[in-house]
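This report refers to the structure that appears directly beneath it.
Every chain is numbered from 1 and lettered A, B, ... according to where its sequence line falls, protein lines coming before strand lines. Computation of the quantities below employed the complete heavy-atom set of this structure, encompassing side-chain atoms and omitting hydrogens, waters and symmetry-equivalent molecules.
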There are 2 protein chains.
Amino acid sequence: MKRNSRLSAVLHALMHMAERETPMTSDDLALCLDTNAVVVRRTMAGLRDAGIVQSGRGHGGGWHFARPLAEISLLDIYNALGEPIVFQIGPATEMPGCVVEQSVNRVIGDALKDAEAILMARFAGTTLADLAADFRVAAKLCRADTG
Amino acid sequence: MKRNSRLSAVLHALMHMAERETPMTSDDLALCLDTNAVVVRRTMAGLRDAGIVQSGRGHGGGWHFARPLAEISLLDIYNALGEPIVFQIGPATEMPGCVVEQSVNRVIGDALKDAEAILMARFAGTTLADLAADFRVAAKLCRADTG
DNA sequence: TTTCATGTAACAATAATAGTTACGAAGCGC
DNA sequence: GCGCTTCGTAACTATTATTGTTACATGAAA
Ligand code: FES
Ligand code: FES
């Protein structure tokens with residue numbers, strides 16, 4: 001099955017934005033992400049509604065951050081993308097009268113809930129500033145290595 | 001997005017089988033799961049290949065367990081279903097030359113790996129016997145409750 | 001007022017999953 | 001052996017979710 005890499009993609013876009021002073025247009029970002037400008041707008045719309053980024057129209061318009069990178073966690077972004085479902089697997093549709101189904105769903109549901117909590121905690125503990133710092137170090141090492 | 005409830009469904013089927021002495025046909029199980037016999041065979045084929053259940057043809061044929069319920073963990077079943085991917089979200093396709101992508105993928109990948117480990121541990125620690133016991137207790141309570 | 005850029009709806013393309021049909025092979029009972 | 005049952009599997013269709021594309025309206029700057 002195919003994984004949804006929207007979170008990954010949007011983080012990539014945000015890192016690009018973090019490296020710039022001026023706003024980036026949807027077309028710029030679409031080029032970076034190898035996709036379409038409308039897709040970028042669709043995705044970024046969630047972040048804008050969540051107050052993470054802001055968009056401007058007309059000349060000099062585009063996307064820029066609404067607050068410091070250190071105050072934006074991966075969890076914020078994850079939530080803003082509007083994908084509350086983490087797991088591919090999940091319990092079946094509720095069958096109120098069926099005890100078997102309920103037992104199965106409880107066992108699976110509990111396990112998924114635990115795993116999800118771990119994941120959300122990790123996301124909450126990482127900010128965009130952390131991520132930017134991480135890749136800048138890597139980039140510097142890489143550059144030093146190459147020559 | 002829609003969740004994949006194959007694990008849930010197959011557990012339901014196995015609980016039905018656990019309640020029976022004689023093998024159950026694909027048609028029987030399809031009726032229980034409200035689906036098609038071919039779909040049941042497709043799903044159960046994985047379990048058969050993993051040595052969890054056995055199938056027999058002709059009169060009196062059908063599906064039955066290959067070993068005691070206490071020796072079958074949810075992890076066994078999960079693996080037998082051939083769905084190694086747990087999460088809907090995931091890193092983007094590898095871009096070897098791109099440091100940003102690598103950083104993003106590492107952060108997300110690590111978090112996912114931790115969460116997945118928790119989930120797998122839970123699955124490994126639960127057997128079909130546990131599940132059967134759980135629902136039998138619930139069923140008894142329910143029956144007592146109803147009268 | 002022209003140009004640039006987002007906002008959004010509508011539609012097409014793509015892909016994954018599930019369901020269906022059809023037919024062959026294996027096993028049991030007579 | 002014969003016929004019935006049941007799995008095994010391929011091929012096809014249906015459904016659904018996601019993504020990509022086109023088109024046009026709106027707002028802002030030069
Ligand atoms: S429908 Fe409830 S046990 Fe199968
Ligand atoms: S392509 Fe955007 S940083 Fe690598």
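- Here the P atom of nucleotide dT8(C) and the CE atom of Met44(A) are 14 Å apart, to the nearest Å.
- OP1 or OP2 of dG19(C) has at least one side-chain nitrogen or oxygen of Thr35(B) nearer than 4.0 Å.
- Taking for each of Asp27(A) and Gly58(B) the nucleotide of DNA chain C with the nearest heavy atom, the 5'-most of the two is the partner of Asp27(A).
- Residue whose closest nucleotide on DNA chain D sits further toward the 5' end, between Val38(A) and Gly62(B): Gly62(B).
- With hydrogens and angles ignored, the 3.5 Å screen pairs a side-chain donor or acceptor of Arg67(A) with a backbone N or O of Gly51(A).
- Put simply, CG on Leu31(B) is 16 Å from C1' on dG19(C), counting in whole angstrom units.
- For His59(B), taking side-chain heavy atoms from C-beta onward, the closest of the listed nucleotides dG3(D), dT21(D), dA18(C) is dG3(D).
- Between the side chain of Asp130(A) and the main chain of Thr126(A), no donor-acceptor pair closer than 3.5 Å is present.
- Here the OG atom belonging to Ser55(B) is positioned 7.5 Å from the NE2 atom belonging to His64(B), to the nearest 0.5 angstrom.
- Proximity of Ser55(B) to the phosphate of dC7(D): no side-chain N or O atom is located under 4.0 Å from OP1 or OP2.
- Considering only side-chain N and O atoms, Arg48(A) lies nowhere under 4.0 angstrom from the phosphate OP1 or OP2 of dT6(C).
- Here the C1' atom of nucleotide dA22(C) and the CZ atom of Arg42(B) are 14 Å apart, to the nearest Å.
- Between the CG atom of Asn36(A) and the P atom of dG20(D) there is a distance of 8 Å, given to the nearest Å.
- Mapping Gly61(A) and Arg41(B) onto DNA chain C by nearest heavy atom places Gly61(A) at the nucleotide closer to the 5' end.
- Among Leu131(B), Ile72(B), Val53(B), Leu29(B), the one residue that satisfies the side chain to side chain contact (heavy atoms under 4.5 Å, CB included) test with Leu14(B) is Val53(B).
- Across the protein-nucleic acid pair, Leu81(B) atom CG and dA18(C) atom P stand 11 Å apart, rounded to whole Å.
- Side-chain to base pairing of Arg57(A) with dT6(C): one donor and one acceptor N or O lie within less than 3.5 Å of each other.
- Summarising the geometry, the separation between CD on Gln54(A) and C1' on dG7(C) is reported as 16 Å, rounded to the nearest angstrom.
- Following rounding to the nearest Å, Asp49(A) (CG) and dT6(C) (P) show an atom-to-atom distance of 15 Å.
- Under the 4.5 Å side-chain heavy-atom criterion for Ile, Leu, Val, Met, Phe, Trp and Tyr, Leu69(B) and Phe135(B) are members of the same hydrophobic cluster.
- Protein atom CH2 of Trp63(A) is 14 Å distant from nucleotide atom C1' of dG27(D), rounded to whole Å.
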